[in-house]
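Working notes, structure below.
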2 protein chains.
Amino acid sequence: MSRSASIKDVANHARVAVGTVSNVLNYPDRVSQRTKDRVLQAIDELGFVRNDAARQLRAGHSRTIGLIVLDVGNPFFTSVVRAAEDAAALQGSAVLLGDSGHDASRESNYIDLFQEQRVQGLLISPVGDVTERLDQLRERGVPTVLVDRLADESRYSSVSVDDDAGGYLAARHLLDTGRRRLAFVGGPTSIRQVADRLQGAQRAVAEVPDASLEVLDSAGQTVLAGRGVGDRLVRRSAGELPDGVFCANDLLALGVMQSLTMLHTLRIPEDIALIGYDDIDFAVSAVVPLSSIRQPTEALGRTAIELLAEEVDAMGSASSRPHHRAVIFTPQLVVRQSTAGAATPD
Amino acid sequence: MSRSASIKDVANHARVAVGTVSNVLNYPDRVSQRTKDRVLQAIDELGFVRNDAARQLRAGHSRTIGLIVLDVGNPFFTSVVRAAEDAAALQGSAVLLGDSGHDASRESNYIDLFQEQRVQGLLISPVGDVTERLDQLRERGVPTVLVDRLADESRYSSVSVDDDAGGYLAARHLLDTGRRRLAFVGGPTSIRQVADRLQGAQRAVAEVPDASLEVLDSAGQTVLAGRGVGDRLVRRSAGELPDGVFCANDLLALGVMQSLTMLHTLRIPEDIALIGYDDIDFAVSAVVPLSSIRQPTEALGRTAIELLAEEVDAMGSASSRPHHRAVIFTPQLVVRQSTAGAATPD
DNA sequence: TCGTAACAATGAAACGATTCAAAGAATCCG
DNA sequence: CGGATTCTTTGAATCGTTTCATTGTTACGA
């Protein structure tokens, strides 16, 4: 109905100058208590709300940070987003969230949008090759931090998780609990994450003389793909079976679990131990609670914001040599029933 | 490094007036081809990007729409969000997403933020009682549409799903396939959704003379809660068992399924048919693919944006009588193996 | 009582885009 | 060729906030 009140209206109503109202809002210490009270009352009576557009315009930059993720539906990103939002809130910024859905054109649209909004900086989990765009952004004063993607430290800051270490952790755990004939279940190794996790597992297996690792290719990373692999396994004779299975993600592991437990001829973890990756919500409530590798998503989100703040500061001050950091987190082993106890080595 | 170029810089570079540059951007038809080319080239050379803050300031409102959901991790909302984003993009707006996480203070923070941003309007799935805040917002020219919550049509527009109809649909399906001794599994009926779904189920059962409906209270809506109920069921003697179970959501249903299939004494769907609600991704890849009730999330998101557009128009024109609409969608039955075939009535 | 310092309050200028009345150019027709 | 008409371009005014040099006020010590 009525146009919303401006700082000028407040000033008139409180019988002070506009600058004073601004001071009440931004530097309360500079204003006497009496005046402050009058202004605050006027603000209340008129229902004044700061116009952020005007503030930004004057300030030259906004208090928002752009965050573009590959898929908001993915619990990994959901968790990262939440942590980033909280960390940003602590430093007085808000996060604008964009979901590229693995689509390069949506990604590009969000970059445009955020640039028009003059965000302080950008956190991005990129789809395509955006290095050119990002360089351009930086030239225009918008720093970027790559999320879940290791970056060349001479060019960008980044936060990522060490998938090789995660793979090592999983395989090592199976070995530590006495399993020796391991199997890795994973989609095409063209996916970097899958390849790294496999490599880590191989590294662990190489450390134990009598251990072996078999690679079972799953065509995809879904429960159904896992069930396909599981069905292949249950048809084997007892001697050919692995005694420890590491799946490249939890969905695969749940699929394998469905197959193995279906016939009740194989027991988890007694006959076959099973471990997944990601520690999704369903892992804990599986028929046999699933051991998994948890990624430090909260730390990822929080650190991404911190690195961005560093970049923002660096741009603000004299343009010293660009100082980027690539922070790599180590995932964490979560032991549940699916890998409990020690297998009896034959 | 260098401050980003303004429309003035472009104007100088192209040797035209600032108004002309603005026209090239907003009303290309008003500008001759020659001038347009020169201006576009200047824009390109300087890497000019519109400053949205300035544009908003002048325009008095932004091109963004605020959307506050209860939980971005929830697939229901994820899907609504995506649909809303797409619909908004079509009308040239962008969606700012806020996740209240069922927390009233986070919700309140987002309302503040969006108000400072002067969003065109607000879509909200409210946590607490926000009617007062929303009334206030409307007075200040920010219309609201409630999402997933039926609103008094005289006060707000809203989009929601008919949970009673969903409950009816589920129970009716069990009855249609020959089941007669039904059970409803759901958390505290203080949750509106649970109560409505139960009520719909009761309505369906009342239509069939020899049918009965037993209510099994689950303390919560999780897989584990479902397994608790399932464990209680498998201990019953055959005569006391229901032959059709309707769970208030898919997580519960998956938990029940785990229990029932664990011992291999009961078969799904032959001995007991099972149907859930929400049609989450896991429903299709359960051990026995789970029948469910799907909510029209895309339609919800799209329609919410449409209703908001109506409200915006209504506020823009002469303040005629407020015209709100409450759109209620009917959910959809998804039949899978867990309710396949007909039970043999005793 | 005066001078000085510390503190408060003022209000014009600036941020960058859009708008719009007015001026200028081009075109057309009789 | 003159006048009317249409099409282009101009540039000052405006949006709401912050900034900052300036002015006004108060308090204090000498």
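Chain letters run A, B, ... following the sequence lines, proteins first and then strands; every chain starts at 1.
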Picking from D:dG16, C:dT18, D:dT10, the nucleotide nearest the side-chain atoms of A:Ser6 would be D:dG16
By the 4.0 Å heavy-atom rule, please label B:Val31 as base, sugar-phosphate, or nothing. sugar-phosphate
Can a donor-acceptor pair be found between the side chains of B:Ser32 and B:Thr35 at a distance below 3.5 Å? yes
Ignoring the backbone of A:Val18, work out which of C:dA17, D:dT18, D:dG11 is nearest its side chain. D:dT18
Hey, does the side-chain of A:Arg58 have a donor or acceptor N/O within less than 3.5 Å of a partner on the base of D:dT18? yes
From D:dT9, D:dG16, D:dT17, nucleotide with atom closest to B:Asn23 side chain: D:dT9
For D:dT19, does OP1 or OP2 lie under 4.0 Å from any side-chain N or O of A:Tyr27? yes
With a non-hydrogen cut-off below 4.0 angstrom, is A:Ser32 in contact with a base, only sugar-phosphate, or nothing? sugar-phosphate
With a 4.0 Å cut-off on N to O distance, would you call A:Arg155 and A:Asp152 a salt bridge? no
Name the nucleic acid region contacted by A:Gly60, choosing base, sugar-phosphate or nothing; use a 4.0 angstrom heavy-atom cut-off, strictly under. nothing
Output yes when at least one side-chain N/O atom of A:Arg34 is less than 4.0 Å from OP1 or OP2 of C:dA8, else no. no
Counting side-chain heavy atoms from CB outward, which of C:dT10, D:dT18, C:dT18 is closest to A:Thr20? C:dT10
Going through the checks in order, is the salt bridge (charged side-chain N to carboxylate O under 4.0 Å, His left out) test met by B:Asp148 and B:Arg192? CA-CA 11 Å; B:Asp148 195 34; B:Arg192 187 192 51 72; 5.0 Å; no
Between atom CZ in B:Arg55 and atom P in C:dG16, what is the gap in whole Å? 16 Å
More 5' along DNA chain C: B:Gly19 or B:Leu57, using each one's nearest nucleotide? B:Leu57
Across the strands shown, which category fits B:Asn26 at heavy-atom distances under 4.0 angstrom: base, sugar-phosphate, nothing? sugar-phosphate
Is it true that A:Gln115 and A:Tyr110 share a donor-acceptor pair across their side chains at a distance under 3.5 Å? no
